[in-house]
Amino acid sequence: MNGVLILIPIALLLGFGGLAAFFWSLRSGQFEDLEGAANRILIEDEDEVR
Amino acid sequence: MTALDRPERDTVETVLAVPGMHCAGCIAKIERGLGGRPGIRSARVNLSARQVTIAHEPFLKSRDLVNELDRIGFEAQPKQGALARSDSAVKPLLAPLAVSAFACMNVMLLSVSVWSGAEGTTRSLFHWISAGIGIPAIIYGGMPFFRSAWAALKRGRTNMDVPISLGVIIATALSFYEVVTNGEEAWFDSALMLLAFLLAGRVLDAMMRDRARTGVDALLSQAASGAMVVGPDGALLWVKAEELEPGMLMRVAAGERLAADGTIISGASRFDQSLLTGESGPVPGETGDEVLAGTLNLDAPVDVKVSATGADTTLTEIARLMEAAAQDRSKYVRIADRAARLYAPAVHTLAALTFAGWLVAGAGWYQALVIAVAVLIITCPCALGLAVPVAQVVASGALMRAGIMVKDGSALERMARVDRALLDKTGTLTLGKPLPDPAVLAALPEDAAAVALALASHSRHPVSKALAGALAAMDVKAATIDDVRETPGEGVFARWKGGTVALRRPDGASGIAVALAIEGRPAALIPFADRLRPDTTEALAQLSRLGIETSILSGDHAAAVDQIARETGLLAQAEASPQDKQELIARLQSAGHNVLMAGDGLNDGPALATANCSIAPGSASDVGLQAADLVFVRESLLALPRSVRTARATMRVVKQNFVLAIGYNILAVPLAIAGLVTPLVAAIAMSTSSLIVVGNSLRLARAARK
């Protein structure tokens with residue numbers, strides 16, 4: 001029972017952390033261009049190093 | 001990346017539409033190509049929306065940016081204010097979906113312990129935590145349903161969202177009561193699972209519509225339409241269409257569309273009115289003649305004095321007719337809502353009867369209420385809510401792969417009932433653009449074809465572009481020519497192997513043609529004509545096999561329509577004005593027909609909006625694209641029978657889904673009425689019936705292939 005008392009808050013905290021991260025990414029426009037994001041990994045960034 | 005550049009003062013953001021980009025290479029080319037240019041701070045591509053957002057110094061105007069992109073090799077157009085921010089239908093649903101799915105998983109975890117026998121304080125604690133996660137999540141995740149249900153109730157109607165909202169709210173309230181009174185059963189997981197499933201269905205539906213909308217947006221010409229205006233001192237100035245005023249003098253180059261109605265002051269040319277009136281042949285116009293906004297100047301630059309702008313043009317009359325028609329169509333009731341009208345009262349009566357029955361049988365009022373609520377929850381139309389959207393999403397996905405974009409699910413419902421089709425001629429039955437005669441091109445000597453391609457590629461005239469395209473498709477390599485000059489209204493002239501060569505307008509030819517003149521050889525005449533779309537005969541035969549009677553409805557002259565009517569063997573009505581087209585459709589509808597209209601022009605707009613369902617080719621005018629329910633982007637006319645067949649298959653699957661979903665209810669409801677249903681049974685029943693409905697709908701994925 002004691003274990004549960006520690007584990008449940010931890011589980012909830014982690015869950016809410018994930019949810020908060022999702023909301024942050026939604027607000028900051030990371031879901032605006034899913035097609036582009038999928039394609040960007042294919043771009044080689046040789047000349048990006050400055 | 002570029003996004004890391006610090007925004008400095010004096011930075012302006014411009015959004016350009018770049019319809020041509022489609023891959024990672026394009027993103028890299030554009031972002032790097034623009035990034036280093038003077039005055040440009042950063043460029044960021046949005047591939048889904050086919051847009052580039054450019055941060056730059058104010059001295060650069062959008063035309064400079066368009067030129068920059070042109071240099072990199074991409075055609076770009078400035079986005080007009082209203083179009084720059086495209087609002088997605090998916091985004092407002094993503095957060096509720098994430099919240100209810102997250103909450104559902106966590107509550108389910110706790111529920112499993114309760115189901116497997118947690119007792120006393122543990123059960124009570126788990127129920128309290130479930131309530132703490134579940135209630136806020138249900139309020140947040142259920143909002144889209146509550147709002148839509150409330151809107152329907154306020155107007156005295158019901159839709160699918162009413163039984164959903166009622167079931168969810170009552171289940172939540174009862175569960176909360178159970179938690180407070182230390183009861184045995186809480187239904188938070190059922191309510192959340194229901195919301196998560198239904199929201200997933202809606203997100204899929206919205207994604208489909210978003211994709212179709214961006215597809216159509218990319219086809220719309222987003223160029224701010226306008227004109228080069230000649231000032232009193234002779235200076236040329238670009239003026240936007242809405243800022244044009246009567247009395248201004250526009251200089252309209254060959255290949256440009258007129259932005260306003262007017263009178264020709266100087267010059268003579270021919271005008272393509274096909275989008276406006278459906279007329280296929282070019283109409284000559286010279287000094288003193290009236291020309292209309294939306295027509296394409298074919299041959300030579302002309303100066304036009306503006307006589308009417310914006311609200312007064314011929315276009316406005318067409319827009320007015322369309323608005324009235326669109327209001328009529330919004331009265332269509334979707335099949336899910338028709339089902340809900342029968343279903344909701346039945347379910348609610350059943351729950352009330354159960355409650356009364358248990359009271360009569362001698363149960364306490366609390367026990368009777370719990371059982372009645374169980375009936376409500378078990379009948380809550382989870383599978384029923386998925387039955388329609390999932391089938392339509394899968395079908396429109398299949399159609400999208402076949403090059404047909406479906407703007408919304410109700411279009412498929414209306415398309416399935418069609419039994420009469422009216423086809424516009426120019427641009428719908430035919431390709432709507434003059435193409436060079438392939439027999440003549442094939443007969444050209446190889447070097448002559450090479451010269452023709454070289455000459456044609458130097459001109460932006462529509463006929464030259466068509467010729468260059470046709471020759472390039474025949475694998476002709478362009479010859480090397482020098483001294484190229486284009487004389488508007490005359491043709492393109494150059495030197496090749498020491499002699500003069502020219503692609504010029506022929507002397508006294510009727511119709512559209514060009515003459516290819518090579519010094520020392522007789523001139524070759526290349527005639528141009530509008531041609532029927534590929535597979536037209538096959539498509540018309542398939543339509544009649546589907547039981548759809550087809551005829552032509554065109555605004556073109558009787559002679560031109562006659563010829564196409566003979567080629568296709570269809571009945572035809574020629575010289576129909578936009579009003580005529582609309583009236584004919586209304587007449588057919590009042591005779592009990594469901595009419596499909598296929599058209600592309602501005603003059604088809606009102607007819608497209610009036611018909612029960614409408615389809616337009618991707619080459620259609622903006623008005624046509626916006627008014628039509630479906631847009632097909634490939635050349636073949638087989639898109640018509642294909643979309644009818646897919647729509648009918650979709651409706652078959654939707655009806656099967658209804659039977660499956662209601663069948664599940666018929667099995668589960670007696671258990672619920674008998675008081676045997678626990679939250680565990682509800683959770684299992686709900687998810688299996690949803691999976692069966694989804695599985696059945698997936699069969700449509702192959703529907704559009706045939």
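Below, all heavy atoms of this structure are taken into account, side chains as well, without hydrogens, waters or symmetry copies.
For OH of B:Tyr140, the number of neighbouring non-hydrogen atoms (other residues, nucleotides, ligands) closer than 6.0 Å is greater than 12.
For B:Arg202, the salt bridge (Lys or Arg N to Asp or Glu O under 4.0 Å) partners at least two apart in sequence or on another chain are B:Asp161.
Summarising the geometry of A:Phe22 relative to B:Ala95, their closest heavy-atom pair is CE2-CA, 4.1 Å, with the distance given to 0.1 Å.
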ask   = Yes or no on side chain to side chain contact (heavy atoms under 4.5 Å, CB included) for B:Leu47 and A:Arg40, after CA distance, side-chain angles and deciding distance?
value = CA-CA 10 Å; B:Leu47 190 64; A:Arg40 273 173 199 280; over 6 Å; no
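Of the atoms belonging to A:Ile8, it is side-chain heavy atoms, and not backbone ones, that fall under 4.5 Å from chain B. Residue contact with chain A, scored on non-hydrogen atoms closer than 4.5 Å, is absent for B:Val90. In this structure, chain A has a heavy atom under 4.5 Å from the side chain of B:Ile129, while its backbone stays farther away.
Between A:Ile43 and B:Glu31 the shortest side-chain heavy-atom distance does not fall below 4.5 Å.
Contacts of residues 12-19 of chain A with chain B at a heavy-atom distance below 4.5 Å involve A:Leu12, A:Gly15, A:Phe16, A:Leu19, listed in sequence order.
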